[in-house]
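Have a look at the structure below before the remarks.
A note on names: the letters A, B, ... follow the listed sequences, proteins ahead of strands, and every chain is numbered from 1.
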There are 2 protein chains.
Amino acid sequence: MGQRDAIDAAILKAVQQNGRISNADLAERVGLSPSACSRRLDILEKSGVINGYYARVSPKALDYKMIAIVHISLSGQFAKTLNEFESAVKLCPNVLVCYLMSGEYDYILRVAAKDLEDYERIHRDWLSALPHVVKINSSFALREIIDRPNVGV
Amino acid sequence: MGQRDAIDAAILKAVQQNGRISNADLAERVGLSPSACSRRLDILEKSGVINGYYARVSPKALDYKMIAIVHISLSGQFAKTLNEFESAVKLCPNVLVCYLMSGEYDYILRVAAKDLEDYERIHRDWLSALPHVVKINSSFALREIIDRPNVGV
DNA sequence: GGACACGTGCAATGTCCTTGCAAAGCCAGT
DNA sequence: ACTGGCTTTGCAAGGACATTGCACGTGTCC
């Protein structure tokens, strides 16, 4: 899985910057005819190199004004423990990102909330209810400096 | 700034899930004629509610296999100190996310790297070179559990 | 050298996006 | 309730666009 040449790389770069670029413009940008470009894009999509296209909506417009970074430790690192935690955390729609981490904490989460009251609800109904959790540490984002969809974009 | 009614909300939900949905399909989905739908979408884009569209590319295809979470403390919290740090960090293409935080550390960063060697280079050439930094703490993601573009999507 | 697979460009067809325009809905003030 | 003005809608047309079939060129392997 992966792009094959410089043209595929150029296509990927273009659609990362503008997911709604027309095939005609994309073809011109990468130096191909529209048909050839359309077929390459099709291959990149079907092979899974391109996972999908998304609109980026201003969180404020959706009333999600708050971002919390949550560090979580579990009671153990057995596979069963991790699996149960992960299955549960996937169900919470407010969790935007979740990584299993090296270091002091086991998981790090990025959580979106409408306001502090909303976060309190999420913390109470979702985070505290996750299985095997022994420690939760929430920090709040005061300001967003960077939010890039991809490297160098 | 924000959507006005249920139809705008439905449009936003749709384009968050599929940024390349055709206007015709979108119109049918939200129960409008294509022209009315196109005009609403146009307003949502021009008013900044929709920040843009992007393709989600498999990081593996781009050879970025590593995600690091970096906590950074500065030598002070004066506006000038923060501004200089932020201007500098914005220049590093590998920094995907950066928040000014409450709590123990001042900033939290999400950094993409191709491999450990690449991360070492980023750490040396970029992160360590950021102004006013007194403490850097890097943790590495062992596995990605969730990566949602938006709440509930 | 020949057969084959692969990628490309060209052309055509059908779909789609967009804009102008008239009508309908909506709200405020009387 | 009525009227005036503003907003939003649906329809229609024209122009742009995506997609598919087909033929040509290139490189490879036998």
With ring centroids as reference points, do Y119(A) and F140(A) lie under 6.0 angstrom apart?
yes

Report, one pair per line, the protein and nucleotides 6-10 of chain D atoms (nitrogen or oxygen only) whose separation is under 3.5 Å.
unit_1  : atom_1 : unit_2 : atom_2 : d
dT9(D)  : OP1    : R40(B) : NE     : 2.8
dT9(D)  : OP1    : R40(B) : NH2    : 2.7
dG10(D) : OP2    : S33(B) : N      : 2.9
dG10(D) : OP2    : S33(B) : OG     : 2.9
dG10(D) : N7     : S35(B) : OG     : 3.3
dG10(D) : O6     : R39(B) : NH2    : 2.8

With sequence neighbours excluded, residues passing side-chain contact (heavy atoms from CB on, under 4.5 Å) with S38(B):
N23(B)

Under-4.0 Å salt bridge between K80(A) and E84(A)
yes

Is the shortest distance from a Lys or Arg side-chain nitrogen in D106(A) or K135(A) to a carboxylate oxygen in the other one below 4.0 Å?
no

What residues in residues 10-29 of chain A put a non-hydrogen atom under 4.0 Å from any atom of DNA chain D?
S22(A), N23(A), A24(A)

Test of understanding: with side-chain contact (heavy atoms from CB on, under 4.5 Å), list the residues that count as partners of I43(A), not counting sequence neighbours.
R4(A)

What residue pairs, at least two apart or across chains, pass salt bridge (Lys or Arg N to Asp or Glu O under 4.0 Å) with a residue in residues 29-41 of chain B?
D5(B)-R40(B), D8(B)-R40(B)

Within 45 degrees of the ring normal and closer than 6.0 Å to the centroid, is that where the cationic atom of R56(B) sits relative to Y53(A)?
no

Check for me whether the distance between the ring centres of F85(B) and Y107(B) falls short of 6.0 Å.
yes

At how many degrees, to 10°, do the end axes of the helix from dG1(C)-dC30(D) to dT30(C)-dA1(D) meet when each uses five pairs?
40°

From F78(B) CZ over to N83(B) CG, what is the distance, rounded to the nearest 0.5 angstrom?
13.0 Å

Is the shortest side-chain N to carboxylate O distance from R121(A) to E117(A) below 4.0 Å?
no

